[in-house]
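What follows is a single structure, written as structure tokens, with notes after it.
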Amino acid sequence: MNPQPLITTTEAVDTAFYVIFGISGVSLLGITLAMIYIIWRYNRKRQPQPVSQKDHNIWLEATWIVIPTILVGIMFWYGWEGYLSLRRIPDNAIPIQGSSRMWSWLFTYENGKTSDKLYVPVGQPVKIRLTSEDVLHSFYVPAFRVKRDCVPGMETYVWFVAEEPGSYDLFCAEYCGVAHSSMITTVEAIPPAEFAGWLEEKLAVVDAGQTLADENGCLGCHSTDGTSKVGPSFKGLMGSERTIIKGEQQEKVLADNDYLIRAIREPSAEIVEGYPAVMPPYPDFSDDDIKTLQDWLETLK
Ligand code: CUA
């Protein structure tokens, strides 16, 4: 038995669309022309005389029932087949986890790497498993004709294959709050070899940062998954606004690279609100080390 040829989501949806559009177009034309003719022919001024007094015609009635039924049946068939193609995942599809929240996307690949843009290899089907961390969102990529709700408490999915390299818009298509319209990112379709390299490359950054943090005991007090331990979590640290206690004063600061340097070299000068001032300074971290940590923390955003 030959394996079924791969029908992409784009082909499936486009076929159904053009069939329905074509049938509708021909019907519109036919009905409009008939209507114009009848208006003209049976205008009162022409005083048409009825040619028949019959009150029904079985063949005519059968025809206008059978032909539309066949047309509607054809439209249903293409729609149904298209729908099945969207739901039937090719065996070789690469699984990617797609997580939505107000108001961003997070994609997690098989090896644990994450990104806020969706990277996919060209020519290879991918299956995106969709979840939501808060409210309803909707994963929508017009270029691949896929749209699926992300529902809190359940997992949904889409699959597609990018046949050409490029950058494709990815929208949230479900109103999810004030920043709904900025919940937009892209699908980056890159050649398979480049994709494999990309997958490993950032892992090296994660490895280096994690190893450094581990060797210096940082992870004893700082989690990477958002839970509070003795100190605040590393997750979401970079770029966030922190409330700190500086001397007696409370202040808000932006957690940028300079903040990170201060927090490592002189941790007792600025204490994050709600945490004890127990972190020792780490003067031995070189600028390179701090860069390594920063690159790693960027991946934990
Ligand atoms: Cu998420 Cu709209």
Side-chain angles (χ1 to χ4, degrees), residues 8-10 12-14 16-17 79 82-83 85-89 93-121 124-162 165-190 195 198-199 202 206 223-228 232-242 254-256 297-301:
T8 66
T9 53
T10 311
V13 173
D14 283 1
F17 175 79
Y83 173 75
S85 297
L86 295 181
R87 297 288 81 199
R88 222 186 274 132
I89 300 156
I94 300 172
I96 299 172
Q97 186 71 40
S99 175
S100 55
R101 65 205 134 148
M102 292 186 267
W103 290 277
S104 63
W105 299 94
L106 184 71
F107 300 100
T108 309
Y109 304 81
E110 277 179 292
N111 65 1
K113 181 168 176 175
T114 59
S115 65
D116 56 354
K117 288 180 177 182
L118 174 55
Y119 287 84
V120 300
Q124 175 112 50
V126 291
K127 178 193 178 185
I128 319 295
R129 302 144 68 104
L130 299 166
T131 55
S132 167
E133 287 175 27
D134 36 48
V135 299
L136 271 181
H137 302 278
S138 185
F139 177 98
Y140 181 34
V141 186
F144 305 126
R145 319 288 193 260
V146 289
K147 186 179 188 187
R148 202 76 187 166
D149 278 3
C150 306
V151 186
M154 71 180 274
E155 188 181 289
T156 54
Y157 67 87
V158 295
W159 80 271
F160 63 83
V161 48
S167 184
Y168 305 91
D169 286 331
L170 193 173
F171 301 98
C172 174
E174 188 75 60
Y175 182 67
C176 57
V178 285
H180 157 71
S181 63
S182 64
M183 195 168 162
I184 177 175
T185 182
T186 53
V187 176
E188 300 293 334
I190 52 183
F195 177 75
W198 173 84
L199 264 188
K202 201 145 166 208
V206 172
S223 78
T224 55
D225 62 0
T227 48
S228 287
S233 179
F234 282 152
K235 186 173 181 181
L237 165 69
M238 293 309 281
S240 68
E241 193 184 58
R242 323 286 278 179
L254 179 73
D256 55 9
L297 291 173
E298 284 288 332
T299 70
L300 294 174
K301 262 174 156 173

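Indexing begins at 1, ligand by ligand and atom by atom, following the structure's order.
Only protein N, O or S atoms were scored, and 4 of them lie under 2.8 Å from atom 2 (Cu) of ligand 1.
Below 30°, between 30° and 60°, or above 60°: for Phe139 and Phe160 the angle between ring planes is below 30°, a parallel geometry.
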*Given side-chain contact (heavy atoms from CB on, under 4.5 Å), test Phe107 with Leu170 step by step and report yes or no.*
CA-CA 12 Å; Phe107 300 100; Leu170 193 173; 3.7 Å; yes
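For the pair Trp103 and Cys176, the tightest heavy-atom approach, listed with the atom from each and the gap, is NE1-O, 3.1 Å. Across all non-hydrogen atoms, the minimal contact from Leu130 to Arg148 is CD1-CB, 3.8 Å.
Checked against ring pair (Phe, Tyr, Trp, His ring centres under 6.0 Å), Trp159 has no partners two or more places apart in sequence or in another chain.
Using a 4.5 Å heavy-atom threshold, the side chains of Leu237 and Leu300 count as separate.
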